[in-house]
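Quick caveat: nothing in here was measured; it's all calculated off a predicted structure. A, B, ... follow the sequence lines: proteins, then strands. Residue 1 opens every chain. Values below: all heavy atoms of this structure, side chains included; hydrogens, waters and symmetry mates excluded.
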Amino acid sequence: MGYDLARMRDMSGKVAIVGVGDTDYHADYAAARVKDPNYHFLDSEGLAMKAFYRALEDSGLKKEDIDGLGVSGPVIHERMAELLGIQPKLNTSGSIWDTMSAAVNAIYSGQCETVALVYGLAQRSMGVRYGGAQIRGGPMSYYYYHPWGWSSQGAHWALMFKHHQLKYGSTEEQLGAVAVTIRNHATLNPNAVMHDRPMTLDDYMQSRYVCRPLHLFDYCLVNDGGVCIILRRADKAKDLPHAPVLVDGYGVTTGGKDNTQMQWLVEDMFYTYLSTSGKQAFDMAGMSPKDIDHLQPYDAATVHVPIYLEGFGFTKQGEGLEFCQDGRIGLGGELPVNTSGGMMSESYMMGWNHVVEAVRQLRHEAGARQVKDVETSMFCHCSMIGAYPFIFRRGA
Amino acid sequence: MAQKRPDRTLGGVHDTFWQYCNQGELRLQSCSRCNRTFWPPMPVCDTCGTFDLEWKPLSGRGKVVSFCTFERQYYDELPPPVDCIVVKLEEGPQFLSNPQGFTWKDISFELPVKLTFIDCEDAAGPFKLPVFERA
Ligand SMILES: [Zn+2]
C-alpha cells in the first residue's frame, strides 16, 4: 500500500501551528491532592475552554478567525462549537494525531484556513480507570483477557519490556534512566505536575512494582487538564506574534490486520508500525533521523522511548535502551526527549502536551529547559492501534 | 474446587471457543483457503472475507515469549501476585494465559510449554480455562 509522495511532499510546510494553550497542571493536581475546598476545579469542558482561550491569545488571532474545529476527550464537537460560539467548516473529533492530520489536510485543501484542536479531560476527578473488571469496551486487548486476570493499559507495556529484556538482556536500571531523565526535565518546568518532585535512580528502583517488570515510576500520571492547538495556513502565519511551527511531515501505520493480536506488541515491539510510519513522515518532510533535533515520544510508559528510537532508526534494533544512558536523551544530549516531562512527569494529556512542548521548543521559549538551537522536533504516538509520527520545523 | 475468575466475553463466536474448552479442547478458527489461524475469535476471515471458518484443534504446544506479574489488585477474585504469560502457539497465534505449576521466577526465553485446563467459575457459570504448564 503506497501513498502519493509527490502530493505529500507538496503539503509539507504548508500548514503551521500558530497558537498553543494548556491548563495549570501543577496547581490543579496539587489542589486536587489536598482536596482544597476553595479551589475552582474545572470539568472537562471547562478545562478545554481555558486551554482554548489561552491558545487564542497566544496566536494573536480573534475567535472569528477560527473556521475549523477538532475536539478530543468526552466533549463532543457540537457542544464545543456552541461553547465557542463558532460555526466551523471542519468538524472532526478523535485523538491529537487524527485531528491534527485532518486539520492539515483541510487547511491545505482550502476547506478552511484556521483550525482549533481542543482537548479537555478531567480524568482524575472522574475516576477514569485504565484496568480492571469494569473495562468492557475499547480495544479488545483491554477486556478480552479478563478470565486470565490480565487487564490494564499498563500491562501491555510490561509485556513489551519483558520481551525486550528476554531478547536483548536490557535491565530495569537501564529503563530507570529514562524515568529519571524525564523527571529531571519536569523539574525545569514550573507547570509540570512533578515539578517539585526530583527522583533518583535509587528512588526508581525502590518504587513498588505495579505490573512486574514495570515499577510505579515507569508509568504515566493520571491528572486533569486541557490543551488547545491552533493551526493555520503557513502563508497567513507570518505576521503573528510567534514564529510559526511548520508541520513538515507525518505518517500513519494502523494495525489493521491482526490489530487485536499480541504479536505486534510482543515479538514485533511495534517495530513495523514505527518504521513504516516513520519512513512516510521522513519522506514527506525530506528528512532522515539525523535531521531531528528533539523528540517527543508518547510516553505511556518508559519503555516507549527506546522502542521509538529503534523503530524510527535513531538506533539499531535492540540498542534503544543503551542510547538512553549517559545523558544522551537529556538536555544537552544528542537527542533530548520529552523536555517538559512528558506524560510521565508533566501531564497525561494523551500526547497533546507533547505537541505543545515541541512548539515551545521550536519557538525558543522553553526557558530553563530550552534545547539549544533546536530547529526540528518529532512527535509520535504508538500503541496497539498503530503509529502516528509528526515532524515539525521552526518556520521563518 | 473451581477458581473464581473475572467474567469472560461471551456471545456468538466466543461461546463456541469456550464450549470447546469445556470439552477439554483448545480450538481456534482458521481459514483453510488463506492458511490463517485467528485469536481472539473473528466473525469472518480478514483476508478473503469468508464467514466459513473452521474451528481447528491445536497441538497445545508453544513457547513463552513474554510474561508479566500484576503486583497490584485489579480484580476482586484475584489477589496479587497474578502471573500472566504470552505463549507463541505452534500454529502461530500468540495466546495470553497463565502459568500452571510454575511462576515468573522459573521462566526463561522461549520456555516450552504445553496446554492444560483448570476448573474455573464466573458469573455465567463453571468453565474450563486454558492455561500452560512446563513441557
Ligand atoms: Zn480466508
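- Distance alone, capped at 3.5 Å, is enough to place a donor-acceptor pair between the B/R5 side chain and the A/P147 backbone.
- When all heavy atoms of B/N98 and A/W148 are compared, the pair lying nearest together is ND2-O, 2.8 Å.
- Counting heavy atoms from C-beta on, the side chains of A/S152 and B/F70 come closer than 4.5 Å.
- Residue contact with chain A, scored on non-hydrogen atoms closer than 4.5 Å, involves the backbone and the side chain of B/L96 alike.
- B/H14 and A/Y144 have tilted rings, their planes meeting at an angle from 30° to 60° on a 0 to 90° scale.
- The CG atom of A/L214 lies 8.5 Å from the SG atom of B/C68; values are rounded to the nearest 0.5 Å.
- Contacts of B/D122 with chain A are absent, with no heavy-atom separation under 4.5 Å from either backbone or side chain.
- A donor-acceptor contact shorter than 3.5 Å links the side chain of A/H163 to the backbone of B/V65.
- Neither the backbone nor the side chain of B/P80 comes within less than 4.5 Å of any heavy atom in chain A.
- Proximity to chain A among residues 31-40 of chain B is limited to B/R36, B/F38, B/W39, B/P40, judged by heavy-atom separations below 4.5 angstrom.
- Between B/S66 and A/V266, the closest heavy-atom pair is CB-CG1, 3.7 Å.
- The two residues B/D7 and A/H146 have their closest heavy-atom pair at O-CB, 3.5 Å.
- Inspection of non-hydrogen atoms places B/P41, B/D46, B/T47 of residues 41-53 of chain B under 4.5 Å from chain A.
- Of the two parts of A/Y143, the backbone and the side chain both hold a non-hydrogen atom closer than 4.5 Å to a non-hydrogen atom of chain B.
- Under the 3.5 Å distance criterion, the side-chain polar atoms of B/Y75 are matched with a main-chain donor or acceptor of A/W150.
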